[in-house]
Amino acid sequence: MTLAAESLSFHEGDFLSSLNSEQQRAVIMQGTPLLVLAGAGTGKTRVLTTRIAYLLNKAYAGPQEILAATFSNKAAAEMRRRTRDLAGEQAEFVWLGTFHSLGSRILRRHASLIGYSPDFTILNADDQLRLIKQIAKENKGRRIVPSTLAANVINRWKDRGLTPVDLEFAPYLYEGYQDVFSLYKAYDAALHRFNAMDFGDLLLQTVRLFETTASVLERFRKQFRHILVDEYQDTNAVQYQWLKLLAPTGENLCCVGDDDQAIYSWRGAEIDNILHFERDFPHAQIVRLEQNYRSTAPILAVASSLIQKNTTRLGKTLWTGAEGGAPVRLKGHGRSREEAQFIAQDILRLRQQGLAFADIAILVRASAQTREFEEAFIALGLPYRIVGNIRFYERTEIRDALAYLRIVAMPHDSLAFERILNVPKRGLGKVFLQKLHTLSQEQHCSLFEAAHSLIKETTRPSAALQQLRLFLDFILCWHQKIDTLSSADILKGLLSASGYRTMLQEEKTPEAAGRLENLDEFVRALAEFPELKGFLDHISLVSESAPSSQADMISIITLHGAKGLEFEAVFLCGWEEGIFPHPRALDEGNIDEERRLAYVGLTRAKRFVTITFARQRYLYNQWQTALPSRFLRELDLSQVTLLGGLVREEIETTALAAASQFHNPLS
DNA sequence: GGGGGTAAGTTTTTT
DNA sequence: ACTTACCCCC
């Protein structure tokens, strides 16, 4: 045995021996489609990263032959970091990223094969909505559909892999949405005209590429000897097609997920992907990770009792080797303000037990619920943060600044052009813009080119044209500087020279001051990316939250936002009919998904769970009488302490009343 | 082109 | 109640 082999096997034993036997199976098993059902807190990321390291160390695959897809950039970064810890530098070369970033990487290479040029721009949700609105305006005459609704419907079609051509041949698929369908066609044409792809396209067009170009597909099939997928329960139909094309038999496919944590059906995720894995990939093996390393036994018992009420699930039961643990607590309140005050006081108590604020989270169903907690916390001087509030890169001023950067880096980026043409005011308003649009459509060119030809054609320049000429000169002037100046300097210069900064300074409102601060923050952030194009590429696929301080603060967060996180103590509030389960979800027949949401919430806690509800809640414009959530009735109450005079009957009877009220046409 | 008034909606959110 | 978006009029 050589020295290298010896050290290799030592290393391998090292990182395998710290796994439990099921985790080891999930790491080692090969040659068969593999589904790892990883319950909450069972070491899912650990299995994924160890599996990659194992494949590399055993030389089953080179780094470039491994494809690992995640959902969020955060998850991808975490996985990259931990893989590097296990496997060293070679981890850098693994094709690891979000589905979207992997898609864009593939498309940048082969875009010309499907009628795009490789420097296509990527539209975020904001750009997309603007474009759709604008097209809706041009196509008016038909019944007006709210653009947000239209964008939503179009995105769902894209999630399902349906191009306008597909829909054309299957009219039943757009039944009731004729207007949106015609808008979709126009939108799709516009995307091609602008050489732009929206987020959905990054997946959809990759699938199109694979389907239309056998040689490319063949190449990638050969290259990716191992494919790993994180959060498989959240994949949509296109992502499934994508995987099925790359791994038709699934022999080299390892999907990790938890059907009990599927909470994103409303944005196109198909829980059936995970439920039908065995049917989709014959001879599949399923490994269940059920040993939980996060929560106490009572918390797991309560979570299990609830999720068992779901009928369509693959089924698994979390257990823990750890003994003891406080019971889950349940507390009812009169008015919702009391609920917030109780939680605030209870946090003070937890502090005395040695918990930090950062160990504590309030989990809400909808962000509207956060306000009363803010008030209660401010009153007591408790530090808190609202997680995932407004994202930094979605703020108006940041989007504007980005548009300036984009138009200077890529003058033909028409959406950036349009966004800032009249910001600050240059007397080039909507009428003028309409003219440019018409021209760009006629000549199949960008707005920038349209603006150029408009200037050339006109002999007697109006005031508007004068302004336009200045604007174009401005763009070209800065365009020439992008290779010589740092991106931070470019942004600084752009904001001053364009008059954007002056515009905000003259506003003299507290808001405008905040925006100026945000812009300064943005300039500082940009210093990390000396080269402008590199930054723009990075930013198009990332939506970072506002730079959050590391300070010790209580987290107030939605149940959706909490997925993947863990806290010592968790408060689950607003467990009332009308709040949770949410009525809209009930309308859509999604009670099971609401229940999974409750399950996600419960399993975030390591040691303490407190569930609360209020009998009176101020909602919209008035005090509303609320009944305890039907989910309370589904909990294993033997593991629950009822606080403050709350009796079992109240939960049982009112929850029953709630359920019957909902189905009773007389009430 | 811009400002003001009205109407409508108000779950969850990543890429 | 409150925000936000859109439309119309100045």
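Both backbone and side-chain heavy atoms feed into the values below; hydrogens, waters and symmetry mates do not. Proteins get letters first, then strands, A, B, ... in listed order; numbering begins at 1 in each.
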| query | Which is true for Gly427(A) with a 4.0 Å heavy-atom rule: it touches a base, it touches only sugar-phosphate, or it touches nothing? | reply | sugar-phosphate

| Which residues pass the side-chain contact (heavy atoms from CB on, under 4.5 Å) test with Ala196(A), sequence neighbours left out? | Thr121(A), Leu123(A), Leu191(A), Phe194(A)

| field | Basic-acidic side-chain contact under 4.0 Å: Arg615(A), Glu576(A) | value | no

| Within this structure, what is the OH-to-P distance between Tyr618(A) and dC2(C), rounded to whole angstrom? | 8 Å

| field | Carboxylate-amine/guanidinium proximity below 4.0 Å for Arg208(A) and Glu211(A) | value | no

| field | Contacts of Asn310(A) that satisfy side-chain contact (heavy atoms from CB on, under 4.5 Å) - sequence neighbours left out | value | Ile307(A), Arg313(A), Asp592(A), Arg595(A), Arg596(A)

| Phe199(A) vs His100(A) aromatic rings, parallel, tilted or perpendicular, using cut-offs 30° and 60°? | perpendicular

| note | The side-chain contact (heavy atoms from CB on, under 4.5 Å) partner of Leu67(A) among Leu246(A), Leu228(A), Leu253(A) is Leu246(A)

Is there any protein nitrogen or oxygen under 3.5 Å from a nitrogen or oxygen in nucleotides 5-12 of chain B, and what are the pairs?
residue	atom	partner	partner atom	Å
dT11(B)	OP1	Arg584(A)	NH1	3.2
dT11(B)	OP1	Arg584(A)	NH2	3.4
dT11(B)	O4'	His582(A)	NE2	3.1
dT11(B)	O2	Arg365(A)	NH1	3.3
dT11(B)	O2	Arg365(A)	NH2	2.4
dT11(B)	O4	Glu588(A)	OE2	3.0
dT12(B)	OP1	Ser367(A)	N	2.5
dT12(B)	OP1	Ser367(A)	OG	2.2
dT12(B)	O4'	Arg365(A)	NH1	3.3
dT12(B)	O2	Trp266(A)	NE1	3.1
dT12(B)	O2	His560(A)	NE2	3.4

| message | With rounding to the closest Å, how many angstrom separate the C1' atoms on dT13(B) and dC2(C)? | response | 23 Å

| message | Check this one for me: any side-chain N or O of Asn73(A) less than 4.0 Å away from OP1 or OP2 of dT15(B)? | response | yes

| request: Using the P atom on both, measure dA5(C) against dT12(B) and round to a whole Å. | output: 15 Å

Tabulate atom names and distances for all N/O pairs under 3.5 angstrom spanning the protein and nucleotides 8-10 of chain C.
none

| message | Using the side chain to side chain donor-acceptor pair (under 3.5 Å) definition, which of the options Gln239(A), Arg267(A), Gln261(A), Lys563(A) pairs with Asp234(A)? | response | Lys563(A)

| query | Rounded to the nearest Å, what distance is computed from the CG atom of residue Leu96(A) to the P atom of nucleotide dT15(B)? | reply | 14 Å

| request: Send over the distance from Asn236(A) CG to dT13(B) C1', rounded to a whole Å. | output: 14 Å

| message | Rounded to whole Å, please give me the gap between NZ in Lys133(A) and C1' in dA5(C). | response | 7 Å

| remark: Across all chains, not counting sequence neighbours, the side-chain contact (heavy atoms from CB on, under 4.5 Å) partners of Ser104(A) are Ile122(A), Leu202(A), Leu541(A)

| message | Could you tell me how far apart Lys74(A) (NZ) and dT13(B) (P) are, to the nearest whole angstrom? | response | 13 Å

| In whole angstrom, what separates Leu428(A)'s CG from dG2(B)'s C1'? | 14 Å

| said: Please report the distance, rounded to the nearest Å, between CD in Gln467(A) and P in dG1(B). | reply: 12 Å

| message | Under the rule for ring pair (Phe, Tyr, Trp, His ring centres under 6.0 Å), what residues qualify as partners of Tyr264(A), not counting sequence neighbours? | response | Trp266(A), His560(A)

